[in-house]
Chemist: 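Encoded as structure tokens, here's the structure I'll be asking about.
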Amino acid sequence: MKPDTHDHTAEVVIPAELLLAYEAASYWVDLPSGRITLKIGGEFDPPHGLEVYSRLAVVTAFNPFSRLLSQVENEVHQADLIEAVEVAGLAWFPAAGDDPIGEWEPEPSLGVLDPSDEQLDGWMERFGQNAVVVADFGRPIMLRLHPRDKRTA
């Protein structure tokens, strides 16, 4: 596993235009029953077969803090995220976020079942992510911002 090299003391400031881009994006998850699409603010009811879970989150390790990395670097980070999710004993499915204006390539992600807020915050810290998508079943889909973003204080 690669060591975490992010500064965990500095405040994270997510630019407003990035937040708007994250909110406008579509996030898909390939479940055994088929592909589902998540939109921030949309309602989410568990698809057939997932009723025993309470949450689905879309998480990536690609392009930390929205800085473009090489494909090789991103794949190394993503493999570390997969290992972290599996070590936590959580199920995951292939996922991605699609930029509606095509400025960013879809980022390979994981659709993780039932991660805790603490796990999500830890992964954002460890993998340098500004936000993750959280779909709590029966509630609106939302962005969970990095724990050091001033809006989360």
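The shown structure was predicted, so the numbers you read here are calculated from the model rather than taken from an experiment. Throughout, residue positions are numbered sequentially from 1 according to the sequence presented.
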Chemist: Check whether any side-chain heavy atom of I36 sits under 4.5 Å from a side-chain heavy atom of L56, and report yes or no.
Modeler: yes
Chemist: Is a side-chain donor or acceptor of E75 paired with a backbone partner of E73 at a separation under 3.5 angstrom?
Modeler: no
Chemist: Indicate the atoms forming the closest heavy-atom contact of L113 with L90, along with that distance.
Modeler: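 Result for this residue pair: O-CD2, 3.6 Å.
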Chemist: Is the number of heavy atoms from other residues, nucleotides or ligands under 6.0 Å of E103 CD greater than 12?
Modeler: no
Chemist: For residues F65 and L19: do they belong to one hydrophobic cluster (side chain heavy atoms under 4.5 Å, members Ile, Leu, Val, Met, Phe, Trp, Tyr)?
Modeler: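 Looking at the clustering, L19 is in the same group as F65.
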Chemist: Please evaluate residues M124 and V12 with respect to the criterion side-chain contact (heavy atoms from CB on, under 4.5 Å), reporting the C-alpha separation (whole Å), side-chain torsions for both, the decisive distance (0.1 Å), and the verdict.
Modeler: CA-CA 11 Å; M124 282 189 280; V12 172; over 6 Å; no
Chemist: Quick check on the 6.0 Å ring-centre criterion: do F44 and F137 meet it?
Modeler: yes
Chemist: Restricting to non-hydrogen atoms, name the atom on D114 and the atom on S54 that form the minimum distance, rounded to 0.1 Å.
Modeler: OD1-N, 2.8 Å
Chemist: For L18, what residues pass the side chain to side chain contact (heavy atoms under 4.5 Å, CB included) criterion, not counting sequence neighbours?
Modeler: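 Scan of L18 (side chain to side chain contact (heavy atoms under 4.5 Å, CB included), adjacent residues dropped) gives I14, P15, Y22, S66, N130.
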Chemist: State, to 0.1 Å, how close P100 and A24 come at their nearest heavy-atom pair, and which atoms those are.
Modeler: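 Heavy-atom minimum between the residues: CG-O, 3.5 Å.
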Chemist: Measure the shortest side-chain to side-chain distance between M142 and V133 over non-hydrogen atoms and say whether it is less than 4.5 angstrom.
Modeler: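 No - every pair of side-chain heavy atoms lies 4.5 Å or more apart.
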Chemist: Identify the heavy atoms of K39 and S26 that sit nearest to each other, and give their distance.
Modeler: CD-OG, 3.3 Å
Chemist: Is D121 salt-bridged to R144, going by a charged N under 4.0 Å from an acidic O?
Modeler: yes
Chemist: Any donor-acceptor pair under 3.5 Å linking the side chain of Q129 with the backbone of V59?
Modeler: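 Looks like no, no N/O pair under 3.5 Å.
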Chemist: Provide the closest heavy-atom pair for L50 versus L31 in the form atom of the first, atom of the second, distance.
Modeler: CD1-CD1, 3.6 Å
Chemist: Evaluate the criterion side-chain contact (heavy atoms from CB on, under 4.5 Å) for residue pair L81 and W123; output intermediate values, then yes/no.
Modeler: CA-CA 8 Å; L81 173 60; W123 294 332; 4.1 Å; yes
Chemist: For E86, does the CD atom sit with more than 12 other heavy atoms under 6.0 Å from it, leaving out its own atoms?
Modeler: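 Yes - once you tally the heavy atoms of other residues, nucleotides and ligands closer than 6.0 Å, there are more than 12.
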Chemist: Please find the pair of heavy atoms, one from P147 and one from E125, that lie closest to each other, and give the distance.
Modeler: CG-OE2, 3.9 Å
Chemist: Using modelled atom types only, decide if a donor and an acceptor are shared between the side chain of D30 and the backbone of A95 within a distance under 3.5 Å.
Modeler: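 Absent.
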Chemist: Any side-chain heavy-atom pair from V29 and P94 closer than 4.5 angstrom?
Modeler: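 The answer is no, as the side chains (C-beta and beyond) never meet within the 4.5 Å cut-off.
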Chemist: Count I, L, V, M, F, W, Y as connected when their side-chain heavy atoms are under 4.5 Å apart, and connections chain through other members. Are L145 and L20 then in the same cluster?
Modeler: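 No, it is not one cluster - the side chains of L145 and L20 are not joined through contacts under 4.5 Å.
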Chemist: Side-chain contact test, heavy atoms from C-beta onward, threshold under 4.5 Å: evaluate it for E43 versus R139 and give yes or no.
Modeler: no
Chemist: Keeping D136 on the side-chain end and R55 on the backbone end, is there a donor-acceptor pair under 3.5 Å?
Modeler: no
Chemist: For residues E11 and R148, determine if any side-chain heavy atom of one lies less than 4.5 Å from a side-chain heavy atom of the other.
Modeler: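 Contact flag for E11/R148 side chains = no.
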Chemist: Determine, stepwise, if the pair Y27 / I40 fulfils side-chain contact (heavy atoms from CB on, under 4.5 Å).
Modeler: CA-CA 9 Å; Y27 302 89; I40 302 303; 4.3 Å; yes
Chemist: Strictly distance-based, threshold 3.5 Å: is any side-chain N or O of Q119 a donor or acceptor partner for the main-chain N or O of D117?
Modeler: no
Chemist: For A96, does its backbone N or O pair with a side-chain atom of E107 as donor and acceptor, under 3.5 Å?
Modeler: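 No, the answer is negative, given that no donor and acceptor are paired below the 3.5 Å cut-off.
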Chemist: Take T60 and V58 through the side-chain contact (heavy atoms from CB on, under 4.5 Å) test and state the conclusion after the steps.
Modeler: CA-CA 7 Å; T60 188; V58 178; over 6 Å; no
Chemist: Flag yes if W92 and F62 sit in one hydrophobic cluster, no otherwise; membership is Ile, Leu, Val, Met, Phe, Trp, Tyr, and two members link when side-chain heavy atoms are under 4.5 Å apart.
Modeler: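 No.
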Chemist: Quick one, L143 and E23 - any side-chain contact, counting heavy atoms below 4.5 Å?
Modeler: yes
Chemist: Could you state the interatomic distance from CG (N74) to CD (E105), rounded to the nearest 0.5 Å?
Modeler: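 Going from CG on N74 over to CD on E105, the span is 11.5 Å.
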